[in-house]
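Notes to accompany the following structure.
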Amino acid sequence: MSEPQHDKGAWVVAGVTSAAVIAGLSFKGVSGETISDAVKDIGGTLLPLVGALVAAGMVTRKMDAEASVLEIAESALRRVQDKNRGLLTGPKSNKSEPDDGGGGKNEVEDGNEDRANRYLFVQVSKDGKKGKKGQFIPVAPLEDGILTIKIQRQALKSLGIEGDLCAAQEHIIPVIRERVAAVAARQWKNSHVLTPTKDKNVAINIDFDEGAMSKRDFGKAIEQCAGAAFLFLREEVDKYKSRPNNA
């Protein structure tokens, strides 16, 4: 990363101040008293600047780390989507319109969209047309290392469940929660905690300790758990559809 402009300016001011003090020292002559005064003058100027630089550096490193975590997580979601083309789309904006083949608006793929509205969606493609989207994994929590698995009724409908979607959701969500939690516990036992939620559409929140994990492991954990969640979802949907009257 290039050096921030305000940091460059601070160093210029410090350099000019130090040069001026040294020039004054040459003019006054070198003695114990003048050297002591010069040290005080330089120190009084440099210490606040150094403190400001250190603080700015800490903020910059924190921002870089957060951006890196988000970037790694989104890349992991894209790998999951690549393995499930025709069933998953995104991560992309929730505001984008599906291309229904009938002249509607095309989906927006702008990576600079507000991450609060970005998701990995369940969106089934059939006969060249894309159905409605059901939210599956929101992007925003990933910035804090949290993988949230949502099972919306629209996602269940897209995967072929008919009838009472509320009943299907209430049946499937606890199963997904249990199965995904088992994967996280088996593969990432000491690197995560499960956090509660009041959102009835959320199956599970997995809060990974991304600060203690390598970037490779964090990306692997997101891909593994997200991929397993979708695999389990498809399996449970198929089981539910095969039940008599979806009972």
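Keep in mind it's a predicted model, so treat the numbers as computed, not measured. Sequential numbering from 1 along the given sequence is applied to the chain's residues.
Screening Lys130, Gln135, Gln81 against Phe121 for a side chain to side chain contact (heavy atoms under 4.5 Å, CB included) leaves a single residue, Gln135.
With contacts defined as side-chain heavy-atom distances shorter than 4.5 Å, the pair Ile172/Ile161 qualifies. In this structure, the side chains of Ile173 and Val202 stay at 4.5 Å or more apart for every pair of heavy atoms. Proximity of Lys150 to Asp199: side-chain heavy atoms (C-beta onward) are separated by under 4.5 Å at one or more points. No side-chain heavy atom of Tyr240 sits under 4.5 Å from any side-chain heavy atom of Val237.
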Between Ile151 and Phe136, is the side-chain contact (heavy atoms from CB on, under 4.5 Å) condition met? List the steps.
CA-CA 6 Å; Ile151 311 295; Phe136 183 47; 4.2 Å; yes

Residue pair Thr148, Asn205: steps toward the side-chain hydrogen bond (donor to acceptor under 3.5 Å, both in side chains) verdict
CA-CA 5 Å; Thr148 296; Asn205 281 323; 2.6 Å; yes

One pair to check against side-chain contact (heavy atoms from CB on, under 4.5 Å): Ile204 and Ile176. What are the steps and the verdict?
CA-CA 8 Å; Ile204 192 169; Ile176 300 300; 5.7 Å; no

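Val180 and Leu194 fall within the same hydrophobic cluster, defined by Ile, Leu, Val, Met, Phe, Trp and Tyr side-chain heavy atoms under 4.5 Å apart, directly or through other members. Residues Leu156 and Leu87 share a single hydrophobic cluster, defined by chaining ILVMFWY side chains whose heavy atoms lie under 4.5 Å apart. Note: the hydrophobic cluster containing Ile72 does not contain Ile146 (ILVMFWY, side chain heavy atoms under 4.5 Å, direct or indirect links). Both Val183 and Ile206 belong to a common hydrophobic cluster when Ile, Leu, Val, Met, Phe, Trp and Tyr are linked at side-chain heavy-atom distances under 4.5 angstrom. Criterion: ILVMFWY side-chain heavy atoms under 4.5 Å apart, direct or through other members. Under it, Ile149 and Leu165 are part of a common hydrophobic cluster.
Interatomic distance, Arg153 CZ to Asn201 CG, rounded to the nearest 0.5 Å: 6.5 Å. Rounded to the nearest 0.5 angstrom, Arg177 CZ and Phe232 CZ are separated by 14.5 Å. Between the NE2 atom in His192 and the CG atom in Asp209 there is a gap of 11.5 Å [rounded to 0.5 Å]. With values rounded to the nearest 0.5 angstrom, Leu77 atom CG is found 5.5 Å from Leu142 atom CG. Atom CD1 of Ile222 sits about 11.5 Å away from atom CG of Asp217, to the nearest 0.5 Å. Here Arg78 contributes atom CZ and Leu88 contributes atom CG; the two are 13.5 Å apart, rounded to the nearest 0.5 Å.
Summarising the geometry of Pro91 relative to Val139, their closest heavy-atom pair is CB-CG2, 3.7 Å, with the distance given to 0.1 Å. Among all heavy-atom pairs drawn from Ala226 and Val80, the shortest one is CB-CG2, 4.1 Å. In this structure, Ala185 and Lys189 approach most closely via the heavy-atom pair O-CB, 3.2 Å. In terms of heavy atoms, Val175 sits closest to His171 at CG2-O, 3.5 Å.
In this structure, Arg234 places its CZ atom where only 12 or fewer heavy-atom neighbours from other residues, nucleotides or ligands lie under 6.0 Å away. In the displayed structure, Glu235 atom CD is contacted under 6.0 Å by more than 12 heavy atoms of other residues, nucleotides or ligands.
Ring geometry for Phe208 against Trp188 counts as perpendicular: the plane angle is over 60°, on a 0 to 90° scale with 30° as the lower cut.
A donor atom on one side chain and an acceptor atom on the other are not found under 3.5 Å apart for Glu71 and Ser75.
A donor-acceptor contact shorter than 3.5 Å is absent between the side chain of Gln123 and the backbone of Lys132.
Salt-bridge formation is not detected for the pair Glu223/Lys220: no Lys NZ or Arg NE/NH1/NH2 atom is positioned less than 4.0 Å from an Asp or Glu carboxylate oxygen.
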